Every structure is written in C-alpha cells, then in structure tokens.
Amino acid sequence: MARRRKRKSRRRQEGRRILEHVPQYSIESGEDKPVTAARKFIQTEGILPPALLLVKRNEHTTDRYFWAEKGLFGAQYVEENHFLFPSLRIIDNSVEKPTVAAVRSS
C-alpha cells in the first residue's frame with residue numbers, strides 16, 4: 001500500500017528558512033534534561049538572542065530550541081509562528097530583499 005506524502009506547510013518552510021540565518025550551537029544534554037542543559041549553556045556562555053540550540057539527548061535524538069528575547073521556545077513552534085518574534089522579523093526582511101546591482105551609465 002502506497003503511503004501518502006505529508007503536506008508541507010508553507011509558513012513552516014518559511015520559518016525554517018529564516019532560522020537558517022540564526023547562529024546555531026550544538027551541545028549534549030549529559031545528565032540534565034535537554035531544556036535544562038540548554039538553559040545552563042545559555043547562562044554560562046552568555047549567549048544573546050536570537051540563537052538556535054541543538055541539544056543531543058542520545059545518539060538518535062536531538063532537540064531543537066530557539067533562544068529569543070522572550071525566553072526559550074521549541075524550534076518547531078518558532079518555525080510555525082516566526083512572525084511573533086521581533087528579532088526574526090529583522091532577519092526576515094534582510095533575507096527577502098533581493099540584491100540588485102545598480103548600473104549607472106554616464
């Protein structure tokens with residue numbers, strides 16, 4: 001029996017594209033829960049928002065978190081609701097503007 005392909009949300013795809021331009025940090029959770037490990041890492045390293053944290057839970061699972069001015073969020077939520085985050089609006093505007101070379105003839 002053929003499996004149907006899952007429909008990809010355009011809004012989520014756009015959010016994922018925006019998050020590609022945010023600094024990323026990869027850490028391992030160790031003994032802590034992934035969100036606790038992410039919070040401790042942010043505190044010790046003094047990371048400024050916006051940032052994306054990839055927390056390796058075990059060899060198969062990696063949790064993704066977004067560090068914003070408002071706090072720590074799951075990356076999937078941020079992908080779907082990127083327009084709610086002011087720091088991503090700035091990145092969104094700079095990503096969407098096409099670079100046009102102005103040629104002036106004299």
Side-chain angles (χ1 to χ4, degrees):
M1 188 167 163
R3 290 182 60 174
R4 292 180 56 192
R5 291 167 78 190
K6 190 173 181 181
R7 185 178 166 273
K8 295 198 176 184
S9 163
R10 285 191 182 161
R11 190 165 73 174
R12 184 156 177 218
Q13 284 178 328
E14 184 181 347
R16 186 172 280 244
R17 186 177 48 80
I18 292 168
L19 283 182
E20 287 175 356
H21 299 281
V22 172
Q24 292 187 6
Y25 301 91
S26 295
I27 61 172
E28 292 194 15
S29 62
E31 295 294 317
D32 295 325
K33 292 182 180 179
V35 71
T36 307
R39 288 185 187 282
K40 284 182 179 178
F41 182 76
I42 290 167
Q43 184 72 31
T44 58
E45 298 295 319
I47 296 172
L48 297 174
L52 194 63
L53 286 101
L54 308 173
V55 184
K56 193 168 173 100
R57 198 186 314 174
N58 56 40
E59 60 182 294
H60 304 292
T61 311
T62 302
D63 293 333
R64 297 169 52 236
Y65 297 102
F66 178 72
W67 176 234
E69 299 84 4
K70 302 174 183 179
L72 194 61
F73 296 87
Q76 184 173 341
Y77 172 80
V78 176
E79 286 173 356
E80 294 169 358
N81 301 289
H82 56 89
F83 49 87
L84 297 175
F85 297 88
S87 59
L88 291 181
R89 279 193 220 131
I90 296 166
I91 293 171
D92 184 27
N93 292 339
S94 65
V95 169
E96 286 186 7
K97 289 181 183 174
T99 54
V100 178
V103 178
R104 195 179 224 171
S105 58
S106 14

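Side chains included, hydrogens not; waters and symmetry mates left out as well; all remaining heavy atoms used. Only a predicted model underlies this, so the values are computations on that prediction, with no experimental measurement involved.
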Chemist: Provide the closest heavy-atom pair for L72 versus A38 in the form atom of the first, atom of the second, distance.
Modeler: CD2-CB, 4.0 Å
Chemist: Is the count of non-hydrogen atoms from other residues, nucleotides or ligands lying under 6.0 Å from E28 atom CD greater than 12?
Modeler: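 12 or below, so no.
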Chemist: With a 3.5 Å cut-off and sequence neighbours excluded, list the donor-acceptor pairs that the side chains of residues 49-59 form with protein atoms.
Modeler:
residue, atom, partner, partner atom, Å
R57, NE, D63, OD2, 3.2
R57, NH2, D63, OD1, 2.8
R57, NH2, D63, OD2, 3.1
N58, OD1, H60, N, 2.8
N58, OD1, T61, N, 2.9
N58, OD1, T61, OG1, 3.3

Chemist: Identify, with sequence neighbours excluded, every residue that meets ring pair (Phe, Tyr, Trp, His ring centres under 6.0 Å) alongside Y65.
Modeler: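 With sequence neighbours excluded, Y65 shows a ring pair (Phe, Tyr, Trp, His ring centres under 6.0 Å) to no residue whatsoever.
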Chemist: Could you tell me which residues satisfy side chain to side chain donor-acceptor pair (under 3.5 Å) with R12, sequence neighbours excluded, listed by chain and number?
Modeler: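 Testing R12 for side chain to side chain donor-acceptor pair (under 3.5 Å), a comparison that skips the adjacent residues, returns E79.
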Chemist: Taking all non-hydrogen atoms of both residues into account, name the closest pair between K70 and P86 and its distance.
Modeler: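 Here K70 and P86 meet closest at CE-CD, 4.1 Å.
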Chemist: Taking the side chain from W67 and the backbone from I42, do they hold a donor-acceptor pair closer than 3.5 Å?
Modeler: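 Here the side-chain-to-backbone pair does not exist.
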Chemist: Any pair with a residue in residues 32-43 that passes side-chain hydrogen bond (donor to acceptor under 3.5 Å, both in side chains), sequence neighbours left out, goes on the list, sorted by first then second residue, please.
Modeler: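 Residue pairs with at least one partner in residues 32-43: D32-K40.
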Chemist: Testing L84, I18, L19 for side chain to side chain contact (heavy atoms under 4.5 Å, CB included) with V78, which one passes?
Modeler: L19
Chemist: Below 4.5 Å, heavy atoms only, C-beta onward: do E80 and S9 meet side chain to side chain?
Modeler: no
Chemist: Measure the spacing between CZ of R16 and CZ of R64 and express it to the nearest 0.5 Å.
Modeler: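 Between R16 CZ and R64 CZ, I get 5.0 Å after rounding to 0.5 Å.
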Chemist: Sequence neighbours left out, what passes side-chain contact (heavy atoms from CB on, under 4.5 Å) with F83? Give chain and number order.
Modeler: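 Per chain and number, F83 pairs via side-chain contact (heavy atoms from CB on, under 4.5 Å) with R11, N81.
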